[in-house]
Protein chains: 2
Amino acid sequence: MPSKPRPPGREPEPEPTSPAADAILNAAEELFARSGFERTTIKEIARRAKVNSALLYYYFGDKTTLYRTVLTRLVLGLRQQGRLSAARPGDVPQVIGGIVEAQRQMLLRHPRAAVLLFREMIDHNAAHAHGLIQEIAAELFRPACLAIENGKRDGTVRPDVDSRFAAISTIAQLAYFMLARPAVRLLMDTGADYPAPSDLAAFGRHAADFAVHAISVAPPRSRTTKKRAGKESGR
Amino acid sequence: MPSKPRPPGREPEPEPTSPAADAILNAAEELFARSGFERTTIKEIARRAKVNSALLYYYFGDKTTLYRTVLTRLVLGLRQQGRLSAARPGDVPQVIGGIVEAQRQMLLRHPRAAVLLFREMIDHNAAHAHGLIQEIAAELFRPACLAIENGKRDGTVRPDVDSRFAAISTIAQLAYFMLARPAVRLLMDTGADYPAPSDLAAFGRHAADFAVHAISVAPPRSRTTKKRAGKESGR
DNA sequence: GTCTATACGGGGATAGAC
DNA sequence: GTCTATCCCCGTATAGAC
């Protein structure tokens, strides 16, 4: 795209990218997630992407734009893969299971995404990612709230449960599990590689169970003790 | 203390400090929490503390030592005030209530501490704060695990609950509530000042309730619907 | 103990050749 | 489009006067 190499606009465009630009974005995503925006240097990204550091300016104008582009590309990718929308309507255990499963999938396949978005929240108060967080909220929080409200109406959820608070508590579990890794490792008394995929899955099952029991009026049919309810094989 | 102005050792000492050193520490705590280690500059800290920037080197040697000192002082302060050890033995609802209350108190009175520790975890993998996180784990996680295990023995807690996972889920709630503020605000549809103390208290009550119901065999006496169990008015 | 002045390095960004 | 060379600012840290 020789005619519009350096878009002067503000919103980064997730356009057809050249191989070099792609390499830059991949390297940047990796490094931004690992070290955060300020600690990651342009030169470091260039080295990792095996391109000249001046190229980053040719393609992205400046460091901030590169960062924003990484962020949007990430969420765009997540959306395309439908990772965020695993929550379809249904009864409360189904919806909560779907939401936790969506989280798990996202953490599993895009471990950097979670860190990146969280960093963005506490580093910049989500200033660079308002739209993206909105998207996630819509895909995760809102279905949870709806399902819980429905559950309250049909009597399966305790009437004194605040649906939005409950949604937060539900989602908080897996997020914290991954983000507070050092603390979790300490508690679980495990090594640096602890949250292996199987551990993540185990905690995910716990989290869904925990949340369902937390809001239900009567203990629902246990899904983890003897036989698991037919786990809808994702994808 | 003219004889030992600049301790050459590595471990920062939470010693009797001069007024200037105190001012520096206060300013540093504030700024490190707000912007993180790398974005905060020595000169910025000096300006805020109203001292000359060279003084920081006189007292603390370098930026990293200053940072570590801030971290230790913080946890030392928390420990002295007993903020971390609100968890005394008792039945499950009591212990969980105590833990959540301890978290709430800490978030309320030392809002920077939580951000600082969390930043340290995701920025540096807790490299500067191993001991401190260990301390918190001991004061928060372990009592929770013990209480839950006891509950399993005496039949008040479901036998299929993993006590360590449950402890993580319990603690995750308030932590996430504060750390993911931008997302929470979006969901709650509130302004930038949202988590006011009263909101924090409301969510804390929810969190304790959520966790207790999540692990109990039978729905315990509801503590939030009609009358609140005598909230121990913490000092 | 506190201040001024400054060395030093590194990171973001640009100019311009090819 | 890609590369070399370089500018400039700013942040850490030090030297040394007072």
Side-chain angles (χ1 to χ4, degrees), chain A residues 1-10 12-13 15-32 34-71 123-124 128, chain B residues 1-10 12-13 15-28 30-32 34-70 123-124 128:
Chain A
M1 44 179 177
S3 60
K4 193 164 63 75
R6 198 194 293 186
R10 312 107 77 0
E13 310 196 348
E15 301 237 329
T17 49
S18 75
D22 257 359
I24 292 170
L25 285 171
N26 290 333
E29 181 178 316
E30 171 76 27
L31 293 173
F32 281 142
R34 183 190 301 169
S35 311
F37 178 75
E38 13 278 333
R39 275 164 50 118
T40 302
T41 72
I42 291 282
K43 283 159 186 163
E44 197 182 357
I45 296 170
R47 210 181 318 129
R48 184 182 192 86
K50 296 202 179 75
V51 301
N52 190 283
S53 65
L55 258 197
L56 307 216
Y57 293 94
Y58 176 75
Y59 279 113
F60 302 101
D62 63 8
K63 192 184 174 185
T64 300
T65 304
L66 171 58
Y67 177 65
R68 294 183 111 113
T69 309
V70 166
L71 245 37
D123 277 0
H124 312 118
H128 300 287
Chain B
M1 46 178 178
S3 61
K4 194 164 63 73
R6 197 194 293 187
R10 312 109 76 1
E13 311 196 347
E15 303 235 328
T17 49
S18 75
D22 257 0
I24 292 169
L25 286 171
N26 289 333
E30 171 76 27
L31 292 173
F32 281 143
R34 182 190 301 171
S35 311
F37 178 75
E38 11 279 334
R39 276 164 49 119
T40 302
T41 72
I42 292 282
K43 283 164 183 161
E44 199 182 355
I45 297 170
R47 209 180 319 129
R48 186 183 191 85
K50 296 200 179 75
V51 301
N52 189 284
S53 66
L55 258 197
L56 308 217
Y57 294 95
Y58 176 73
Y59 280 114
F60 302 101
D62 63 9
K63 191 184 174 185
T64 300
T65 303
L66 170 58
Y67 177 64
R68 295 184 111 114
T69 309
V70 166
D123 277 359
H124 312 118
H128 300 287

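Order of the sequence lines fixes the chain letters, A, B, ..., with proteins taken first and strands second; residue numbering starts at 1 for each chain.
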- prompt: Between B:E44 (CD) and D:dG11 (C1'), how many Å, whole number?
  reply: 11 Å
task: Scan B:T64 against the nucleic acid and name what it touches under 4.0 Å (heavy atoms): base, sugar-phosphate only, or nothing.
output: nothing
Which atom pairs link the protein and nucleotides 15-18 of chain C when you take only N or O atoms and keep those under 3.5 Å?
none

message: On a heavy-atom basis, which atom in B:F60 and which in B:A21 lie closest, and how many Å separate them?
response: CZ-O, 4.0 Å
statement: Residues A:T65 and A:T69: closest non-hydrogen pair is O-OG1, 2.6 Å
query: Is any side-chain heavy atom of B:F37 less than 4.5 Å from a side-chain heavy atom of B:H128?
result: no
task: Would you kindly give the CZ-to-C1' distance between A:R39 and C:dG10, to the nearest whole Å?
output: 15 Å
- prompt: If you check every side-chain atom of B:D62, which of C:dG12, D:dA13, D:dT2 has the closest atom?
  reply: D:dA13
query: Which of the following nucleotides, D:dT4, D:dG1, D:dG11, is nearest to the side chain of B:T41?
result: D:dG11
- prompt: What integer distance in Å separates B:K63:NZ from D:dC10:P?
  reply: 15 Å
query: Side chains of A:Y59 and A:S18: is there a donor and an acceptor less than 3.5 Å apart?
result: yes
message: Can you tell me which nucleotide in D:dG1, D:dT4, D:dG11 comes closest to the side chain of B:K43?
response: D:dG11
- request: Taking all non-hydrogen atoms of both residues into account, name the closest pair between B:L31 and B:T40 and its distance.
  value: O-OG1, 3.1 Å
field: Interatomic distance, B:Y58 OH vs D:dA15 P [rounded to whole Å]
entry: 16 Å
- request: Select one nucleotide: of D:dT2, C:dT2, C:dA13, the one nearest the side-chain heavy atoms of B:Y59.
  value: C:dT2
- prompt: Please give, in whole Å, the distance from D:dT14 P to B:L56 CG?
  reply: 13 Å
- prompt: For B:Y57 and D:dA13, is the shortest distance between a side-chain N/O and OP1 or OP2 below 4.0 Å?
  reply: yes
message: Rounding to an integer number of Å, can you tell me how far B:I42 CD1 sits from D:dT14 C1'?
response: 13 Å
- request: Taking side chain to side chain contact (heavy atoms under 4.5 Å, CB included) as the test, write out the residues that go with B:N26, two or more places apart.
  value: B:R73
task: To the nearest Å, give me how far apart CZ (A:F60) and C1' (C:dT14) are.
output: 18 Å
query: Atom NZ of B:K50 to atom P of C:dG1: distance rounded to whole Å?
result: 22 Å
query: Any donor-acceptor pair under 3.5 Å linking the side chain of B:K50 with the backbone of B:A23?
result: no
